[in-house]
Structures are given as structure tokens and as C-alpha cells.
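Accompanying notes for the structure given below.
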Amino acid sequence: MGDGIQWLVGREDWTYSVLFARGITPDELALRVGGVPGSVLSPITGMEAWDVVMDDETNDEDLVRISASGEWSFALEYGVPTAVDRLAEISRDGVEVVHLDPQPDHPPKQFAYARDGVEVCSFGIGEEAWRWGQQPDFLLGELVRAGVLFPDGAYARPENEPFGDADRATLALLEARFGLAMPCDVEERLLPAFVIR
């Protein structure tokens, strides 16, 4: 198992989207995200992934690095995150998918959950009162028990609470509810990588 996901809060280098998938291997996840096998000399680190994405000669290609932790495969998206637009497709055939996007240029951070070809529930982290998807209240009970929302869906957290604390509370409940984890040194690790087509 890894180090959970709460460590993502406050990390200046959390600029990549994370896609967790339960029910498929990391290689299958890479293919469902649109990864092209053999397209990147790998394994590579997160910094090397950003070098490929930002290289003028590669036409700003988007990249994904893959691994697994516990029951979940995960993919780290570098460049423009495209998996969020294909969650139903990625989650087909009984697969569960959790997508976390830090939205560094357009907050808030985003959470999305899909299962068996259905986009179940999504919300902004820090804006949990506004939920959407086929079952927008799918996590309402957990959000209430975590003290993020009141049972009527209104915010329960103090207005003047630092964003990091509020974000951490939501990531903690997602970590516990789904059993999500990945190593906190994932950016330094050498992982297989693929260009996204």
C-alpha cells in the first residue's frame, strides 16, 4: 500500500491529474486513457514527463505515467488532462474510476467517480455543496460524517478555515471510502510512460 492521498494537499508539485482504476491493470488503464505503447522511452520520472510535455519539438504532447497501489491501478496525467472527458468509457465492464484534478490554473480541485460505464458523482474539492452526475448524492453520507457538509448539503466547515485543511478533510474521506493510496515520492519514481493520442 502507499501513503494515502492526503499528502497531495499543499504540494506545490501537484500539477498532474491522478486517475485511479480498480478492476484493470496499469497497462490496460494506459490504453483506456489513450496511451500509445512504445511512444516514450521509459520508465521516466515526473520531471522527465514534464520535459517531454514542454518540449517544442514534440508539439506539446500529453503524457501518462502508470503504476499500482493496493487494489488500484493509477495513471498520472501530464499536460492537458483528457481522462476526465472519457470516464464512462474508461470505467466500462465493471471498472471503478476515481479522478482527481488539481486544476492549478482554474481552481477548485476536482473529484469525479465513475463505475461500470456511468459517471456517478463529481464535485469541486472545497465546493462539495455543488455535486453532479447520475447520483450526485452518492457520497453525501460520507461528506456529512466527515464534517464537510450538513445533512441538507450546506457547508459545515468554518468559513475562515484554511483551504488546505478543508481540502485535506475531503481527500481523507475519499482515501478512506475508496481505499486510495499512492507513494508520496511518486514524482521521483521511475514509471512506465505513454504519449496520449
Side-chain angles (χ1 to χ4, degrees), residues 1-35 40 42-53 62-84 86-87 90-91 95-104 107-115 120-126 128 139 142 146 148 163-196:
M1 201 64 165
D3 300 317
I5 60 170
Q6 296 175 56
W7 59 267
L8 288 167
V9 175
R11 290 281 300 255
E12 289 184 23
D13 65 347
W14 186 26
T15 54
Y16 48 87
S17 293
V18 183
L19 183 69
F20 290 95
R22 182 162 43 195
I24 55 175
T25 65
D27 287 329
E28 176 65 18
L29 177 58
L31 293 175
R32 289 188 185 199
V33 170
V40 177
S42 63
I44 62 174
T45 66
M47 182 65 76
E48 291 169 323
W50 280 118
D51 288 344
V52 172
V53 169
D62 299 321
L63 208 69
V64 64
R65 293 189 321 133
I66 59 168
S67 190
S69 181
E71 297 179 339
W72 294 87
S73 297
F74 65 85
L76 309 175
E77 289 184 284
Y78 299 84
V80 178
T82 58
V84 71
R86 298 191 308 237
L87 292 182
I90 294 167
S91 71
V95 173
E96 284 184 274
V97 173
V98 171
H99 189 259
L100 299 171
D101 188 345
Q103 295 281 320
K109 299 168 182 71
Q110 297 288 311
F111 158 81
Y113 173 67
R115 179 183 60 224
V120 177
C121 178
S122 299
F123 53 77
I125 297 174
E128 294 85 354
L139 293 174
E142 282 93 341
V148 175
F163 285 113
D165 293 348
D167 291 357
R168 190 170 284 103
T170 298
L171 287 182
L173 86 84
L174 296 174
E175 177 183 299
R177 169 64 172 82
F178 295 106
L180 301 175
M182 66 181 189
C184 62
D185 65 349
V186 71
E187 280 296 270
E188 290 78 40
R189 291 191 180 201
L190 292 167
L191 301 178
F194 305 84
V195 167
I196 304 288

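What you see is a predicted model; the values in this text were computed from it and never measured.
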query = Is there a side-chain contact between Pro102 and Arg11, using heavy atoms and a 4.5 Å cut-off?
reply = no
Between Ala68 and Pro26 the two heavy atoms that sit nearest each other are CB-CG, 3.8 Å
message: Please check: side-chain N/O of Ser91 versus main-chain N/O of Val97, any donor-acceptor pairing under 3.5 Å?
response: no
Query raised in the report: In terms of side-chain geometry, is the basic nitrogen of Glu175 or Arg168 positioned less than 4.0 Å from the acidic oxygen of its partner?
Result: no
d(Ile5 CD1, Asp3 CG) to nearest 0.5 Å is 12.0 Å
Here the pair of heavy atoms bringing Gly79 nearest to Val53 is CA-CG1, 3.8 Å
Hits for ring-ring contact (aromatic ring centres under 6.0 Å, His included) against Trp7, two or more places apart or cross-chain, chain-then-number order -> none
Note: Val148 and Ala169 closest approach over all heavy atoms is CG2-CB, 4.2 Å
### Query
Any side-chain heavy atom of His99 sitting closer than 4.5 Å to one from Glu77?
yes
>> Is there a side chain to side chain contact (heavy atoms under 4.5 Å, CB included) between Ile44 and Trp50? Walk through the geometry before answering.
In response: CA-CA 10 Å; Ile44 62 174; Trp50 280 118; over 6 Å; no
* Do the non-hydrogen side-chain atoms of Leu139 and Leu174 ever get within less than 4.5 Å of each other? -> yes
Query raised in the report: Mind checking whether Ile125 and Pro108 have side chains closer than 4.5 Å, heavy atoms only?
Result: no
Original post:
Heavy-atom distance under 4.5 Å between the side chains of Glu96 and Phe20, does that happen here?
Top reply: no
Requested in this report: Walk me through it: do Met182 and Trp72 pass the test side chain to side chain contact (heavy atoms under 4.5 Å, CB included)?
Outcome: CA-CA 9 Å; Met182 66 181 189; Trp72 294 87; over 6 Å; no
Ile196 backbone acceptor or donor facing Asp62 side chain under 3.5 Å
no
message: Please evaluate residues Val84 and Gln110 with respect to the criterion side chain to side chain contact (heavy atoms under 4.5 Å, CB included), reporting the C-alpha separation (whole Å), side-chain torsions for both, the decisive distance (0.1 Å), and the verdict.
response: CA-CA 10 Å; Val84 71; Gln110 297 288 311; over 6 Å; no
Residues Ile90 and Arg32: closest non-hydrogen pair is O-NH1, 2.7 Å
Test item: Asp167 side-chain N/O and Val9 main-chain N/O as donor-acceptor pair under 3.5 Å: no
CA sep, side-chain torsions, deciding dist, call: Thr45, Leu190, side chain to side chain contact (heavy atoms under 4.5 Å, CB included): CA-CA 5 Å; Thr45 66; Leu190 292 167; 3.7 Å; yes
Quick one, Trp14 and Leu100 - any side-chain contact, counting heavy atoms below 4.5 Å? yes
One should read off an interatomic distance between Leu87 CG and Tyr113 OH, to the nearest 0.5 angstrom, of 11.5 Å
All heavy atoms of Thr25 vs all of Ser73, minimum pair found to be C-OG, 3.2 Å
Discussion item. Does any part of the side chain of Arg189, heavy atoms only, come nearer than 4.5 Å to the side chain of Ser67, both counted from C-beta?
Written reply: no
To the nearest 0.5 Å, atom CZ of Phe74 lies from atom CG of Leu19 at 11.0 Å
* For the side chain of Glu128 and the backbone of Gly126, is there at least one donor-acceptor N/O pair under 3.5 Å apart? -> yes
Side-chain heavy-atom pair Tyr16, Arg65 within 4.5 angstrom cut-off:
no
Of all heavy-atom pairs linking Val195 and Val40, the shortest is CG2-CG2, 3.5 Å
